[in-house]
Visitor: 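Shown below is the structure under consideration.
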2 protein chains.
Amino acid sequence: MEMNQLNSSYIGAEYTMSIISGKWKPLIIYHLRQGTKRYGQIKRLVPDASPKVLIQQLKELEHDGIINRKSYPEVPPKVEYSVTAKGRSLYPVLDLLWFWSHQKL
Amino acid sequence: MEMNQLNSSYIGAEYTMSIISGKWKPLIIYHLRQGTKRYGQIKRLVPDASPKVLIQQLKELEHDGIINRKSYPEVPPKVEYSVTAKGRSLYPVLDLLWFWSHQKL
DNA sequence: CCGAATCCAGTCGGATACTG
DNA sequence: CAGTATCCGACTGGATTCGG
């Protein structure tokens, strides 16, 4: 599949965008990129996200196979989030999005 | 600026996404990529977009410097839309978004 | 031909309080 | 500690009608 001869319009670009669009998703992925983190850590790293929204975005990322949720049956509860292989394949995409925005034209 | 050592989180990725997120924007850019088009042509190429929304997305793309609007003072009116240099710099981004969505993992 | 104006439904994120 | 539950305002896109 050639990158310099794309044909079938941009149907599919929307799909990728739907996965990473969500107010806190890029930031969540960025932090998890540095390593596995517990829920409380993420909450502190993304303090402006309300618990409802934060959990919601984590669930969506998990549902889309971008991150993995591991729950430990302990008291108190412990939950760890990490990036999956599919999620790591997203790094170049996010990097390019970031790069474009910082580009001077 | 190194692509393999991004630091300042992903602030900026959201900015790029905000520019191309909009229900018909990728499709509009795709069609304009084939060459300058009149409003009526775009309307026919993106038939499911209502006139209000279509004009709205075209205006946003114009405001963000992605496309150019050229109006000819004729009767009947004639308006042409084309992609700017900044818009063309967006092709690799859209291509990568498209490519990622078609990738098998 | 190229839009503008109005009204409307659905989705998204935020604030706050509460729970196993 | 790691979430749920409820309510709510803002924004986005859609349907339709009208105008220069």
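To find a chain, count down the sequence lines: A is the first, B the second, and so on, and within it residues start at 1. Just the heavy atoms: all of them, side chains too, but no hydrogens, waters or symmetry mates, feed the values below.
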Visitor: Give every residue pair that meets the salt bridge (charged side-chain N to carboxylate O under 4.0 Å, His left out) criterion with at least one member in residues 40-54 of chain B, sequence neighbours excluded.
Guide: none
Visitor: Atom CG of A:L58 to atom P of D:dT4: distance rounded to whole Å?
Guide: 11 Å
Visitor: Applying side-chain contact (heavy atoms from CB on, under 4.5 Å) to A:L32 and A:L61, what does each step give before you reach the verdict?
Guide: CA-CA 12 Å; A:L32 289 183; A:L61 286 171; over 6 Å; no
Visitor: From CD of A:E14 over to P of D:dG13, roughly how many Å is that when rounded to an integer?
Guide: 12 Å
Visitor: Going through the distances and angles, do A:Q57 and A:I28 end up as a side-chain contact (heavy atoms from CB on, under 4.5 Å)?
Guide: CA-CA 9 Å; A:Q57 311 248 317; A:I28 291 170; 4.0 Å; yes
Visitor: Verify, without hydrogens or angle tests, whether B:Q103 (side chain) and B:F99 (backbone) share a donor-acceptor contact under 3.5 angstrom.
Guide: no
Visitor: Output the rounded distance in Å from CD1 (B:I55) to C1' (D:dT12).
Guide: 17 Å
Visitor: Just to verify, which of B:E80, B:R38, B:K78 counts as forming a side chain to side chain donor-acceptor pair (under 3.5 Å) with B:Y72?
Guide: B:E80
Visitor: Which parts of residues 38-45 of chain A get close to DNA chain D, meaning a heavy atom less than 4.0 angstrom away?
Guide: A:R38, A:Y39, A:G40
Visitor: Give a yes or no on whether the backbone of B:A49 and the side-chain of B:K23 come within a donor-acceptor separation of less than 3.5 Å.
Guide: no
Visitor: Between A:Y81 and D:dC1, is there a side-chain N or O to OP1/OP2 distance below 4.0 Å?
Guide: no
Visitor: Can you give one letter per nucleotide of nucleotides 12-20 of chain C, going 5' to 3': B for a protein heavy atom under 4.0 Å from the base, S for sugar-phosphate only, - for none?
Guide: -BBBBB--B
Visitor: List the steps, then state whether side-chain contact (heavy atoms from CB on, under 4.5 Å) holds for B:R69 with B:S71.
Guide: CA-CA 7 Å; B:R69 178 184 185 277; B:S71 174; 3.7 Å; yes
Visitor: For the backbone of A:V83 and the side chain of A:R88, can you confirm whether one donor and one acceptor N or O come within less than 3.5 Å of each other?
Guide: yes
Visitor: Parallel, tilted or perpendicular: which fits the ring planes of A:Y15 and B:W100, with parallel below 30° and perpendicular above 60°?
Guide: parallel
Visitor: Nearest whole Å is fine: how far is D:dT12 C1' from B:L61 CG?
Guide: 15 Å
Visitor: Rounded to whole Å, how long is the line connecting atom CD of B:E80 with atom C1' of C:dG3?
Guide: 17 Å
Visitor: Given atom CG of A:L54 and atom C1' of D:dA2, what is their separation to the nearest angstrom?
Guide: 10 Å
Visitor: To the nearest Å, how far apart are B:I28 CD1 and D:dG13 P?
Guide: 10 Å
Visitor: Please state how far atom CD1 in A:I67 lies from atom P in D:dA2, giving the value in whole angstrom units.
Guide: 14 Å
